[in-house]
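Note sheet for the following structure.
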Protein chains: 2
Amino acid sequence: MLSSISKCVTLGVVSTDSVTSSRGGGKLRTARERAREEITNEITAVARRQLAEVGASALSLRSVAREVGMVSSAVYRYFPSRDELLTQLIIDAYRSVGDAARTAVEAAVQHDLRARWQAVAGAVRAWALANPHEFGLIFGTPVPGYRAPVDTVDPAAAVPTALLQILVDSLARGGRVAWRDRPVPPVLHAELTELRAGLSGVLHGSELLDDGALTQGLMAWTQLIGMISFELFGHLHNVIADHDVYFTHQIGNIAIDLGLAE
Amino acid sequence: MLSSISKCVTLGVVSTDSVTSSRGGGKLRTARERAREEITNEITAVARRQLAEVGASALSLRSVAREVGMVSSAVYRYFPSRDELLTQLIIDAYRSVGDAARTAVEAAVQHDLRARWQAVAGAVRAWALANPHEFGLIFGTPVPGYRAPVDTVDPAAAVPTALLQILVDSLARGGRVAWRDRPVPPVLHAELTELRAGLSGVLHGSELLDDGALTQGLMAWTQLIGMISFELFGHLHNVIADHDVYFTHQIGNIAIDLGLAE
DNA sequence: AACATTTGAGAGCAGTGCTCTTGACAATGC
DNA sequence: GCATTGTCAAGAGCACTGCTCTCAAATGTT
């Protein structure tokens with residue numbers, strides 16, 4: 001009975017499992033478990049490499065197995081389905097872009113809010129250009145039926161959180177957001193209140209985010225991903241040739257709307 | 001069986017095809033050509049139906065052939081590859097959303113620019129919600145290597161053109177755009193000049209679109225598609241529950257930026 | 001009527017996700 | 001120490017995919 005549960009859990013997010021199991025036992029348990037974790041990591045690593053090469057739709061579990069050096073059916077000991085492997089890659093991608101954004105924003109001068117906004121925006125775009133297939137995996141058309149929300153929702157929040165933190169810091173020193181004075185319909189106000197409450201755990205001073213600032217922040221997040229999507233998915237073709245200057249300029253424009261500049 | 005579906009097809013975009021072919025030969029050419037056209041239309045119609053059901057990644061040429069009533073190899077007489085079929089569906093989707101936007105904007109009160117903007121935005125979103133897989137096909141991750149640009153670029157311009165037309169009409173009566181006074185870097189200015197020149201054919205008064213208005217218009221287009229993408233692809237999950245009010249409110253905010261309201 | 005072109009069907013290839021069974025190995029209980 | 005139990009890699013196999021090739025029938029042209 002207990003074993004059946006451990007099996008079910010082990011099929012999920014493996015890395016956290018190993019942490020919890022090591023926490024429970026003091027050190028890594030059996031050699032079998034270590035081998036299992038190692039092989040699982042190798043599979044995801046190879047899958048990540050192939051994803052970067054051929055994209056999500058062409059990613060083949062058999063091809064991954066071939067490169068790892070085992071037969072396809074053996075992979076099913078570690079991932080119950082191809083979609084589950086893809087879900088793991090989605091989580092990894094969220095973590096990857098989140099790390100990129102966090103690193104960039106920490107490297108920026110903290111009190112220069114506009115620089116921080118440009119840093120996170122530029123980092124996300126640079127990450128997307130360097131890993132277009134991973135970007136498409138998380139922000140493009142959902143490949144499996146619909147992605148498992150429960151595992152992905154946490155790492156997915158990293159970038160928008162970093163973005164909203166800038167807004168909070170701006171509001172703390174009297175910054176004003178473009179749509180501050182526009183009335184928000186009651187239903188949306190209730191939603192935003194709940195959202196703000198949910199953010200209080202990961203955001204220092206989330207209560208400073210009034211409805212206008214929150215909608216403006218969500219819109220900035222939408223604009224950022226929308227612009228990168230347009231660029232990566234070819235919708236700037238025959239419209240804008242120099243994507244760098246276009247992106248930089250529009251990011252500057254958004255900074256104005258966010259009340260971060262001039 | 002074939003006739004019953006051909007009736008359905010005729011309601012689509014067949015009329016233009018038959019017009020062009022009749023224009024070329026004086027009247028419909030041989031019976032064989034007519035049959036070929038009819039079967040081609042039936043294939044695309046069935047493919048469109050299956051696309052709406054299972055999505056682009058799961059669309060199978062063999063399954064389409066099965067439903068049409070012929071063997072898979074026969075389909076290759078009409079479409080050289082599955083990607084070519086998808087390209088046709090992309091074109092159809094662009095035409096479809098373009099028609100939806102045009103119909104909506106024509107139904108709105110012409111002098112009420114804000115209403116026109118809300119009409120086109122709402123129409124695009126309504127179309128996307130009604131045809132999520134078609135939206136994902138054109139605005140999501142590119143499925144083939146990269147979509148054939150030359151055939152799709154024309155119908156793809158319909159919606160942004162309708163959007164920019166509103167901006168032009170607004171500027172013609174003294175409307176002001178949010179980022180009007182921000183200087184545009186020289187490289188971008190050159191790009192926007194070229195873009196404006198390219199628009200002069202399809203846009204009445206495109207010369208009124210100064211650099212600020214043009215960047216603002218592009219951004220509004222990005223915001224619109226970005227918001228719909230977020231909604232359809234699940235990125236509003238655990239963020240906003242009532243998508244309708246959220247969308248409406250943000251569209252109203254963008255109207256302010258565009259100088260269309262208050 | 002004879003010829004040429006176009007079309008549909010079938011077989012087949014290489015590939016896919018996934019399931020099931022089999023035999024080898026390691027961990028555990030008596 | 002040995003038998004039991006659980007885990008693992010491998011292989012065969014199923015149903016499916018996109019695509020190519022050949023062949024015969026249908027169709028149009030001369």
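Residue numbers start from 1 in every chain, and the chains themselves are labelled A, B, ... in the order their sequence lines are given, proteins ahead of strands.
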* Judged by atom type as modelled, is there a donor-acceptor pair below 3.5 Å linking the side chain of A:H133 to the main-chain atoms of A:A52? -> yes

Restricting both atoms to N or O, compile the protein contacts to nucleotides 20-27 of chain D shorter than 3.5 Å, with distance only.
| unit_1 | atom_1 | unit_2 | atom_2 | d |
| --- | --- | --- | --- | --- |
| D:dT27 | O2 | B:R32 | NH2 | 3.0 |

* Nearest-0.5 Å distance that lies between atom CE in A:M227 and atom CD1 in A:I254 -> 6.0 Å

* Nearest 0.5 Å please: distance from the CD1 atom of B:I228 over to the OG1 atom of A:T222. => 11.5 Å

* A:R36 side chain N/O closer than 4.0 Å to the phosphate oxygens (OP1, OP2) of D:dC8? -> yes

* Just grab all the side-chain hydrogen bond (donor to acceptor under 3.5 Å, both in side chains) pairs involving residues 120-131 of chain A, residues at least two apart or on different chains. => A:S96-A:W127, A:R125-A:E231, A:R125-A:D244

* Between atom CG in B:D83 and atom C1' in D:dC19, what is the gap in whole Å? -> 12 Å

* B:L59 side, atom CG; B:L137 side, atom CG - distance, nearest 0.5 Å -> 9.0 Å

* With a 3.5 Å cut-off and no angle check, do the side chains of B:Q50 and B:S63 form a donor-acceptor pair? -> yes

* Nearest-0.5 Å distance that lies between atom CZ in A:R102 and atom OG1 in A:T161 -> 9.0 Å

* Remember a base hit wins even if backbone is also touched, and classify A:R82 as base, sugar-phosphate or nothing at under 4.0 Å, heavy atoms. => sugar-phosphate

* Structure fact -> The reported gap from CD1 in B:I240 to CG in A:L218 (rounded to nearest 0.5 angstrom) is 6.0 Å

* Do any of residues 50-61 of chain B sit with a heavy atom less than 4.0 Å from DNA chain D, and if so which? -> B:L59, B:S60, B:L61

* Rounded to the nearest 0.5 Å, how far does CG of A:L89 lie from CD of A:E134? -> 7.5 Å

* If you look at every strand shown and take non-hydrogen atoms under 4.0 Å, does A:I39 touch a base, only sugar-phosphate, or nothing? -> sugar-phosphate

* To do: Give the rounded distance in Å between these two atoms: CE of A:M70 and C1' of D:dT7.
  => 13 Å

* Structure fact -> Bounded by its outermost nucleotides with an atom under 4.0 Å from a heavy atom of chain B, the footprint on DNA chain C reads C:dT5 to C:dG12

* Residue mapping more 5' on DNA chain C - nearest nucleotide basis, A:R62 or B:R62 -> B:R62

* To do: Not counting sequence neighbours, which residues clear side chain to side chain contact (heavy atoms under 4.5 Å, CB included) with A:R49? List them please.
  => A:E53, A:E67

* Value in whole Å for how far the P atom of D:dG11 lies from CZ of A:R66 -> 14 Å

* Asked: How close or far is atom C1' of D:dC19 from atom CG of B:L85, stated in whole angstroms?
  -> 14 Å

* **All side chain to side chain contact (heavy atoms under 4.5 Å, CB included) counterparts of B:V75, not counting sequence neighbours** => B:I43, B:L61, B:A65, B:M70

* Contact class for B:Y78 vs. all strands (heavy atom < 4.0 Å): base, sugar-phosphate, or nothing? -> sugar-phosphate

